[in-house]
Amino acid sequence: MAIIIDGKAVAQRVRESVKAQVEELKNKGISTTLAVIIVGDDGASRVYVNNKKKACAEVGIISEEYALPASTTQDELLCLIKMLNDRSDVNGILCQLPVPDHIDESAIINAISPAKDVDAFHRSNVGAIMLGDYSFLPCTPAGIMELIKQYDIDVKGKNCVIIGRSNIVGKPMAMLMLHSDATVTVCHSKTKNLKEIVKNADIVIAAVGRAKFVTADMIKEGAVVIDVGINRDENGKLCGDVDYENVMPLTSYITPVPGGVGPMTIATLMQNTVIASKLANAFFTENN
Ligand code: NDP
C-alpha cells in the first residue's frame with residue numbers, strides 16, 4: 001500500500017523551525033531580510049512571488065519586493081542587484097525566473113553575491129554543491145531530500161532515475177542523490193529506452209514539465225516516486241509529471257501534486273534565507 005508523502009505537513013514543520021530561528025536571531029538584535037525581484041508581468045511568476053512573500057511574513061522574515069517593468073534593461077537590473085549586494089541588512093536576494101528575453105539570465109544569476117544567493121543558482125554555489133561543501137542547496141532538490149529524510153526512505157545503493165536535467169532541478173538533484181550514495185541515472189529528451197530505464201528504478205524523480213508523462217507501465221512495483229512537475233491537465237486541473245491515479249497503487253511512497261514537492265520548495269527558501277542571515281552575522285548553531 002502506497003504511502004502518500006505529505007509535503008504540506010513536512011513543509012509546515014520546516015517553517016516552524018525557521019520561525020524559531022528567525023526569532024532567536026531577533027533576540028540577538030539581528031533581522032532577516034529577503035529581497036525578491038520580479039521583472040515583467042508573467043502571471044505564474046507573480047503567483048510564486050506572492051507565495052514567497054506570504055511565507056516570509058509567516059516566519060518573520062522581512063521581504064522587500066522589487067517589481068520592475070518588462071522594459072527594464074539588463075544594466076538597470078544589474079544596478080539594482082549591486083545595490084542589494086552592498087546592503088548589509090539584506091541577507092537573501094532572488095530574481096524570479098524567467099526574466100524577459102532581452103536580459104541574459106545567467107548574467108543576472110551570477111551577479112547576485114554567492115553569500116546572498118538563496119536559490120543556490122550562482123556558479124560558485126553550483127560548484128560547491130558538486131563538491132558536497134555548500135552553504136545553500138537549491139530549494140526544490142533540497143526540499144525533496146528533506147521529504148526523503150523525514151519519511152526514512154533508504155537511498156543508499158538504490159537505483160535512482162531522474163527524468164530532467166535542468167540546472168534548477170535535475171542536475172542538482174542528481175548530485176544530492178549521489179552524495180547520499182544512490183546509483184544515479186539522469187534522463188532527458190534525447191534518452192533512448194527511457195521506459196526501460198525508469199522501469200529499473202527504485203526511486204524515480206520526475207522533473208519533465210509534461211502532464212502525466214510517467215505512466216504505470218514505466219514503474220517497478222514498490223518504487224518511490226517523487227513528482228516535481230507542475231502542469232495543467234486537459235481539463236485545466238493542476239497535475240504533476242506522473243499519472244498519479246494509475247501509478248500510485250504500484251508505489252511504496254509517492255508525492256502528490258499539489259501538496260508534495262511544491263510546499264517544500266518555499267520552505268527551503270525560507271531556511272536558506274535564515275542560513276544566509278546567520279552566515280552574514282557569523283552566528284551559526286548546530287541545528288541550522
Ligand atoms: P525544464 O524545462 O528546464 O527541464 C525539463 C527537462 O525535462 C529537460 O531536461 C528536458 O530534456 C526533459 N524532457 C523534456 N521532454 C522530455 C522527454 N520527452 N523525455 C525525457 N526528458 C524530457 O524544467 P524544470 O526542471 O525547470 O522543471 C520541471 C518541472 O518541474 C516543471 O513542470 C516545473 O514547473 C516543475 N517545477 C516545480 C517546482 C516545485 O517547486 N514543485 C520547482 C521547479 C520546477 P532536455 O534537457 O533534453 O531538453
Side-chain angles (χ1 to χ4, degrees), residues 5-8 10-12 14-15 36 42-52 54-55 94-99 101 105-106 109 118-121 126 129 136-148 160-177 184-201 204-215 217-219 225-233 236-244 254-272:
I5 295 179
D6 188 347
K8 263 191 188 168
V10 178
Q12 183 58 34
V14 173
R15 287 207 300 266
V36 182
D42 179 73
S45 291
R46 172 41 65 196
V47 171
Y48 293 139
V49 165
N50 287 350
N51 287 343
K52 288 168 187 177
K54 205 171 132 205
L94 73 84
C95 182
Q96 186 65 44
L97 302 177
V99 286
D101 288 345
E105 189 173 288
S106 148
I109 288 171
V118 284
D119 268 335
F121 293 163
V126 173
I129 292 159
F136 309 115
L137 286 173
C139 300
T140 303
I144 293 170
M145 292 313 290
E146 186 62 23
L147 288 178
I148 285 172
C160 174
V161 172
I162 298 164
I163 318 174
R165 57 173 166 181
S166 70
N167 291 337
I168 293 172
V169 187
K171 283 185 204 159
M173 194 68 241
M175 273 307 134
L176 298 190
M177 276 293 177
V184 181
T185 306
V186 183
C187 299
H188 47 78
S189 66
K190 309 291 183 294
T191 297
K192 294 199 171 80
N193 304 324
L194 183 113
K195 188 172 154 184
E196 287 72 22
I197 295 169
V198 178
K199 186 96 190 173
N200 225 347
V204 179
I205 301 177
V208 191
R210 290 182 179 219
K212 302 182 185 178
F213 180 85
V214 178
T215 48
D217 58 341
M218 297 164 87
I219 298 297
V225 175
I226 307 286
D227 190 352
V228 184
I230 303 176
N231 313 294
R232 296 270 166 197
D233 69 10
K237 200 174 151 226
L238 201 65
C239 72
D241 288 345
V242 175
D243 178 8
Y244 184 82
I254 187 165
T255 60
V257 176
V261 173
M264 292 304 293
T265 298
I266 292 192
T268 309
L269 173 68
M270 299 298 106
Q271 178 64 70
N272 280 353

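Residue numbers count from 1 along this sequence. As the structure lists them, so they are numbered: ligands from 1, and atoms in each ligand from 1.
Interface atoms of ligand 1 facing Gly262, defined by a heavy-atom separation under 4.0 Å, are 40 (O), 41 (N). For ligand 1, the atoms lying closer than 4.0 Å to a non-hydrogen atom of Gly164 are 6 (C), 7 (O), 9 (O). Listed by number with element, the atoms of ligand 1 under 4.0 Å from a non-hydrogen atom of Asn231 are 32 (O). Listed by number with element, the atoms of ligand 1 under 4.0 Å from a non-hydrogen atom of Thr265 are 39 (C), 40 (O).
At the top of the distance list for atom 42 (C) of ligand 1, counting protein heavy atoms only, stands Thr140 OG1, 3.2 Å. Atom 20 (C) of ligand 1 has His188 O, 3.0 Å as its closest protein atom, hydrogens excluded (heavy atom only). Ranking protein heavy atoms by distance to atom 25 (O) of ligand 1, first place goes to Ser166 OG, 2.5 Å. The protein heavy atom nearest to atom 18 (N) of ligand 1 is Phe213 CE1, 3.4 Å. Of all protein heavy atoms, the one lying nearest to atom 15 (N) of ligand 1 is Arg210 NE, 3.3 Å. Nearest protein heavy-atom neighbour of atom 46 (O) of ligand 1: Arg165 NE, 2.8 Å. Looking from atom 48 (O) of ligand 1 to the surrounding protein, the closest heavy atom is Ser189 OG, 3.6 Å. Given atom 43 (C) of ligand 1, the protein heavy atom at minimum distance is Val169 CG2, 3.8 Å.
Contact record, Ala206 with Asp241: O-OD2, 3.4 Å, taken as the closest heavy-atom pair. Between Met218 and Phe213, the shortest heavy-atom contact is SD-O, 3.7 Å. The two atoms that bring Asp227 and Val261 nearest to each other are O-CG2, 3.5 Å, heavy atoms only. Shown here for Pro172 and Ser166, the closest heavy-atom pair between the two residues is CD-O, 3.7 Å. Taking both residues in full, the closest heavy atoms of Phe136 and Asn272 are given as CE2-O, 3.3 Å, listed atom of the first, atom of the second, then distance. Shortest non-hydrogen contact noted between Ile168 and Phe121 is CG1-CZ, 3.7 Å.
For the ligand labelled ligand 1, residue Ala207 lies inside the 4.0 Å heavy-atom shell. The shell of residues lying under 4.0 angstrom from ligand 1, judged by heavy atoms, excludes Thr191.
At a 3.5 angstrom cut-off on N or O pairs, Val261 does not count as close to ligand 1. Not one N or O of Lys190 is nearer than 3.5 Å to an N or O of ligand 1, by distance alone.
Within 6.0 Å of NZ in Lys8 there are 12 or fewer heavy atoms belonging to other residues, nucleotides or ligands.
Here the rule is side chain to side chain contact (heavy atoms under 4.5 Å, CB included) with Val214, and of Ile163, Ile205, Leu194 only Ile163 fits it.
Listed for the Asp42 side chain is a donor-acceptor partner under 3.5 Å among the backbone atoms of Ser45. At distances below 3.5 Å, at least one donor-acceptor pair connects side-chain atoms of Asn231 with backbone N or O atoms of Gly240.
When the heavy-atom distances from atom 36 (N) of ligand 1 to Ile266, Val228, Thr255 are ranked, the shortest goes to Val228. Comparing Gly143, Gly209, Pro98 against atom 29 (C) of ligand 1, the shortest heavy-atom distance belongs to Gly209.
The parts of Val208 lying near ligand 1 are both backbone and side chain, judged by heavy-atom distances below 4.0 Å. With a 4.0 Å heavy-atom cut-off, ligand 1 is reached by no atom of Met264.
No side-chain heavy atom of Thr185 sits under 4.5 Å from any side-chain heavy atom of Val198. Two residues are said to be in side-chain contact when any heavy atoms from C-beta on lie closer than 4.5 Å; Ile226 and Leu147 fail this criterion.
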